[in-house]
2 protein chains.
Amino acid sequence: MKISEGVEWAAHACALLAAVPEGGALSAGAIAAFNDLPKAYMAKHLQALAKAGVVVSVRGAQGGYRLARPPAEISLWDVRRAIEGPGPDFHCANIRLKGPCVAPKPSSGPCAIAHAFWEAERAYQAALGSMTIADVVVQAAREQDAEGLSRIAAWLRAAL
Amino acid sequence: MKISEGVEWAAHACALLAAVPEGGALSAGAIAAFNDLPKAYMAKHLQALAKAGVVVSVRGAQGGYRLARPPAEISLWDVRRAIEGPGPDFHCANIRLKGPCVAPKPSSGPCAIAHAFWEAERAYQAALGSMTIADVVVQAAREQDAEGLSRIAAWLRAAL
DNA sequence: TCATTGCGGACACATAGCATCCGATTTAAA
DNA sequence: TTTAAATCGGATGCTATGTGTCCGCAATGA
């Protein structure tokens with residue numbers, strides 16, 4: 001199992017979008033350039049975020065993307081689900097219903113193994129759900145000195 | 001993200017191996033036949049379980065596999081790690097260190113996003129680690145009537 | 001009107017998982 | 001001692017998914 005790199009891109013994109021002022025919008029090209037990522041593919045992920053309701057898109061000239069909700073109301077789980085899709089990671093193929101020892105009237109429904117994995121996924125989801133874009137931004141800002149913050153602010157002013 | 005089907009196969013294989021008596025061994029062919037799975041590929045997964053120390057292999061005629069520890073001491077996390085490999089699912093590409101706004105002396109190390117995902121993975125691991133093969137066997141047995149249990153016992157006697 | 005931007009589909013490529021086959025080795029049974 | 005049964009490891013091919021690009025279309029502000 002491996003988490004697609006697009007989730008990381010989308011999370012950083014949301015962290016950047018948290019810095020755009022009310023009513024503004026950042027184009028896909030600008031978002032991609034901020035982290036030196038390919039624009040075309042970043043645009044794909046932004047479209048997925050928009051479809052999932054994490055960001056809103058503004059079409060036309062001077063358009064782009066902005067967060068759909070305050071950063072404190074967007075969790076990393078929202079981002080992950082937007083990119084990797086909903087639905088469980090573990091898929092029960094019901095292999096216990098095959099083979100020479102299966103009962104004539106098999107009790108359908110997922111087996112104990114599937115339930116255990118889905119329970120673990122719930123724990124995973126809960127942990128990611130408690131981490132918001134606002135938390136990420138706070139921690140990221142803590143790692144920047146005043147000069148770094150002003151450099152980012154200047155870049156953002158130029159990109160808007 | 002998707003969990004490979006081999007994890008499910010391996011978990012069911014361990015549940016079956018929990019029923020082999022002390023000193024016995026079940027061949028890869030028999031394990032595959034029990035759930036109507038391709039023998040060659042099931043064998044690959046059993047080799048992975050053996051290499052991870054979840055099962056022990058017995059080579060030669062009348063050989064096969066048995067659990068390396070009591071079922072209560074083998075968790076579903078052990079099985080998942082044996083098949084999918086160790087290491088985190090989320091890989092931090094450190095994309096915050098790229099782009100036009102990166103500081104001259106960047107503070108290396110994973111970002112807050114990576115830490116959040118790894119924390120969630122720890123929760124996932126803890127949940128899976130608390131579910132053992134013994135638990136799975138108990139729940140699976142609960143779904144079988146007496147006739148089903150005796151049919152499985154008879155099949156196992158013939159396969160040993 | 002025109003340039004800018006998102007939207008959606010089509011396409012190519014790389015990687016990982018799925019599945020099979022083969023020869024070599026080990027070991028119990030004939 | 002021979003034979004059959006079984007694991008081990010590597011090589012191979014197929015498929016699905018993720019990565020990345022490109023194009024035409026639609027929308028929108030200048």
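In what follows, every chain begins at residue 1, and chains take the letters A, B, ... in the order their sequences are listed.
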Original post:
L160(A) has an atom CG; how far is it from atom C1' of dG29(D), in whole Å?
Top reply: 16 Å
Subject >> From CA spacing to verdict: salt bridge (Lys or Arg N to Asp or Glu O under 4.0 Å), E143(A), R96(B) >> reply: CA-CA 11 Å; E143(A) 291 183 353; R96(B) 81 185 191 288; 3.7 Å; yes
Subject >> V136(A)-V102(B) co-clustered via ILVMFWY side chain contacts under 4.5 Å >> reply: no
Original post:
Among dA29(C), dG9(D), dT4(C), which nucleotide sits nearest the side chain of Q47(B)?
Top reply: dG9(D)
**OP:** Check whether I113(B) and V138(A) end up in the same hydrophobic cluster, where Ile, Leu, Val, Met, Phe, Trp and Tyr are linked by side-chain heavy atoms less than 4.5 Å apart.
**Re:** no
**OP:** Just call it for A28(B): base, sugar-phosphate, or nothing, with non-hydrogen atoms closer than 4.0 Å on any strand.
**Re:** sugar-phosphate
Subject >> Side chain R59(B) and base dT25(C) donor-acceptor under 3.5 Å >> reply: yes
**OP:** Identify the residue among L17(B), V55(B), L67(B), T132(B) that makes a side-chain contact (heavy atoms from CB on, under 4.5 Å) with I74(B).
**Re:** L67(B)
**OP:** Using atom CD1 of I31(B) as one end and atom C1' of dA5(D) as the other, report the distance to the nearest whole Å.
**Re:** 15 Å
**OP:** Check whether L97(B) and F90(B) end up in the same hydrophobic cluster, where Ile, Leu, Val, Met, Phe, Trp and Tyr are linked by side-chain heavy atoms less than 4.5 Å apart.
**Re:** no
Original post:
What does G60(A) touch in the nucleic acid at a heavy-atom separation under 4.0 angstrom: a base, only the sugar-phosphate, or nothing?
Top reply: base
Subject >> Same apolar cluster: L160(B) and L16(B), side chain cutoff 4.5 Å >> reply: yes
Original post:
Given atom CD of Q62(B) and atom P of dT7(D), what is their separation to the nearest angstrom?
Top reply: 11 Å
Original post:
Whole Å only: how far is the CE atom of M42(B) from the P atom of dG17(C)?
Top reply: 16 Å
**OP:** Check whether V58(B) and L26(B) end up in the same hydrophobic cluster, where Ile, Leu, Val, Met, Phe, Trp and Tyr are linked by side-chain heavy atoms less than 4.5 Å apart.
**Re:** no
**OP:** Send over the distance from R66(A) CZ to dG6(C) P, rounded to a whole Å.
**Re:** 12 Å
Original post:
For every nucleotide of nucleotides 12-24 of chain D, 5' to 3': is a protein heavy atom under 4.0 Å from its base (B), only from its sugar-phosphate (S), or from neither (-)?
Top reply: ------SBBBB--
**OP:** Report yes if at least one side-chain N or O of S27(A) is closer than 4.0 Å to OP1 or OP2 of dT4(C); otherwise report no.
**Re:** no
Original post:
Is G64(B) touching bases, backbone alone, or none of the nucleic acid, heavy atoms closer than 4.0 Å?
Top reply: sugar-phosphate
Original post:
Over how many whole Å does the gap from K51(B) atom NZ to dG10(D) atom C1' extend?
Top reply: 11 Å
